[in-house]
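Have a look at the structure below, then the notes.
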Number of protein chains: 2
Amino acid sequence: MATAAPLRSRKAQIDRTATALFRARGFAATSMRELATELGLEAGSLYSHIKSKEEILHRVCFGLAEAFFAGFEAATAATSAPIATQLRQAIEAHVRVLTRDSAASAVFLHEWRHLSEPARSEFLALRDRYEAAFRSLIQRGIATAELHAPDAAFATLALLASLNWLPAWYRPDGKLTPDEIAHRLADQLLGGLLNERAAMSQ
Amino acid sequence: MATAAPLRSRKAQIDRTATALFRARGFAATSMRELATELGLEAGSLYSHIKSKEEILHRVCFGLAEAFFAGFEAATAATSAPIATQLRQAIEAHVRVLTRDSAASAVFLHEWRHLSEPARSEFLALRDRYEAAFRSLIQRGIATAELHAPDAAFATLALLASLNWLPAWYRPDGKLTPDEIAHRLADQLLGGLLNERAAMSQ
DNA sequence: CCTACCGATCGGTAGG
DNA sequence: CCTACCGATCGGTAGG
């Protein structure tokens with residue numbers, strides 16, 4: 001009798017378990033033996049599925065980067081929509097990625113510095129591009145007077161910082177659903193950016 | 001002829017250098033040999049000044065916690081002042097601690113989880129108390145209608161998250177002074193919280 | 001503050 | 001996927 005096919009590939013299981021450990025203990029403080037034990041196998045056996053510890057980190061960090069970009073592009077595809085609407089969609093898309101896999105998000109946000117070159121620089125370039133995309137949206141909103149902020153760069157940093165703190169306190173079993181959190185965060189953070197006229201027409 | 005007294009005690013030098021390394025590479029990925037080399041001595045020699053690697057982390061984390069509390073208490077000492085004013089002072093005090101030593105702040109924010117018990121739990125209790133103090137201030141501001149926010153807990157988290165992102169982008173040699181950054185951040189973050197009447201009277 | 005060293009643990013590999 | 005192992009490195013100590 002054949003054993004049932006695994007629900008996820010072994011490699012995907014390794015990534016998932018490693019991500020949880022990287023988040024809880026940090027990349028450097030997580031040992032491959034610990035990871036193997038958690039998966040019910042021996043340390044050496046991991047290497048028939050992966051090439052190295054860093055390879056896992058690489059996949060997690062760049063996979064999340066892709067998810068963030070995909071969300072942003074879908075949110076801002078309707079270029080004729082009001083900037084405030086596009087920004088709201090982008091915020092909600094960002095929050096959905098953060099809540100869909102908060103462990104991977106935490107690793108994306110804090111463990112990327114353990115990537116070795118050139119991956120580390122490539123990662124930072126992607127992150128900068130993502131920030132620039134938000135900043136550009138906010139700048140256009142200010143230019144068309146749909147948004148108001150004393151400094152677009154500051155506003156962008158503060159906005160993303162508020163969002164990125166989410167994995168630190170989000171609990172999947174909390175009383176708010178991911179969508180409710182996304183709405184509420186968007187309300188609050190847009191509230192500070194909308195100018196009065198726009199706020200009234202909302 | 002006696003050698004000149006060191007500008008800082010050796011222990012303080014060790015703490016400073018270790019803090020910079022902990023920030024750059026993370027606590028677990030920083031070796032005592034690396035730290036010793038940076039200070040121009042041998043690894044074993046460190047232990048005539050300190051008891052352990054974790055002792056350094058402990059001092060940094062709890063020292064910063066003390067600095068944050070001291071700033072908050074000074075900022076809110078004038079209990080008869082408008083809540084918005086107290087909150088502004090508290091924000092600016094927080095930013096001044098972050099900019100005065102951004103390396104130690106980054107360690108305080110991200111490396112505390114490498115503390116072993118019971119220090120780790122003690123640290124988290126302090127951090128919770130600090131957050132609660134901000135939340136309480138914001139809640140009182142909402143109660144007296146000086147501030148406006150759909151959810152005080154959310155507003156507190158978003159506020160502190162925005163502030164705590166600062167060590168990630170602050171450069172001591174940047175074009176803005178710490179005080180200018182403090183003012184600007186306070187303007188922006190209070191802007192979203194002040195209700196219209198308070199905003200007009202400002 | 002150094003020399004010399006300890007036991008423990010690390011990421012990863014060879015061979016099956 | 002396991003057994004058995006590699007060289008390297010870790011935090012920390014003894015004795016001076």
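Chain naming here is simple, since letters A, B, ... match the order of the sequence lines and numbering starts at 1 in each. This one's a predicted model, so the numbers in the text were calculated from it and none came from an experiment.
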- Message: So that I know where these two stand, are F154(A) and W169(B) an aromatic pair - ring centroids less than 6.0 Å apart?
- Response: yes
- Query: Parallel, tilted or perpendicular: which describes the rings of F68(B) and F108(B), with under 30° parallel and over 60° perpendicular?
  - Reply: tilted
- Query: Watson-Crick or G-U wobble partner for dC1(C), using a 3.5 Å limit on both distances?
  - Reply: dG16(D)
- Task: Using a 4.0 Å cut-off on protein heavy atoms (strictly under), produce a 5'-to-3' string for nucleotides 3-16 of chain C with B for base contact, S for backbone-only sugar-phosphate contact, and - for none.
- Result: B-B----BBBB---
- Are Q89(A) and T85(A) close enough that some pair of their side-chain heavy atoms sits under 4.5 Å apart? yes
- For the pair F134(B) and H94(B), name the ring-plane relationship: parallel under 30°, tilted 30 to 60°, perpendicular over 60°. perpendicular
- Task: Could you tell me which nucleotide pairs with dT9(C) by Watson-Crick or G-U wobble geometry, both distances under 3.5 Å, or answer none if nothing does?
- Result: dA8(D)
- Query: Are T144(A) and E146(A) linked by a side-chain donor-acceptor pair shorter than 3.5 Å?
  - Reply: yes
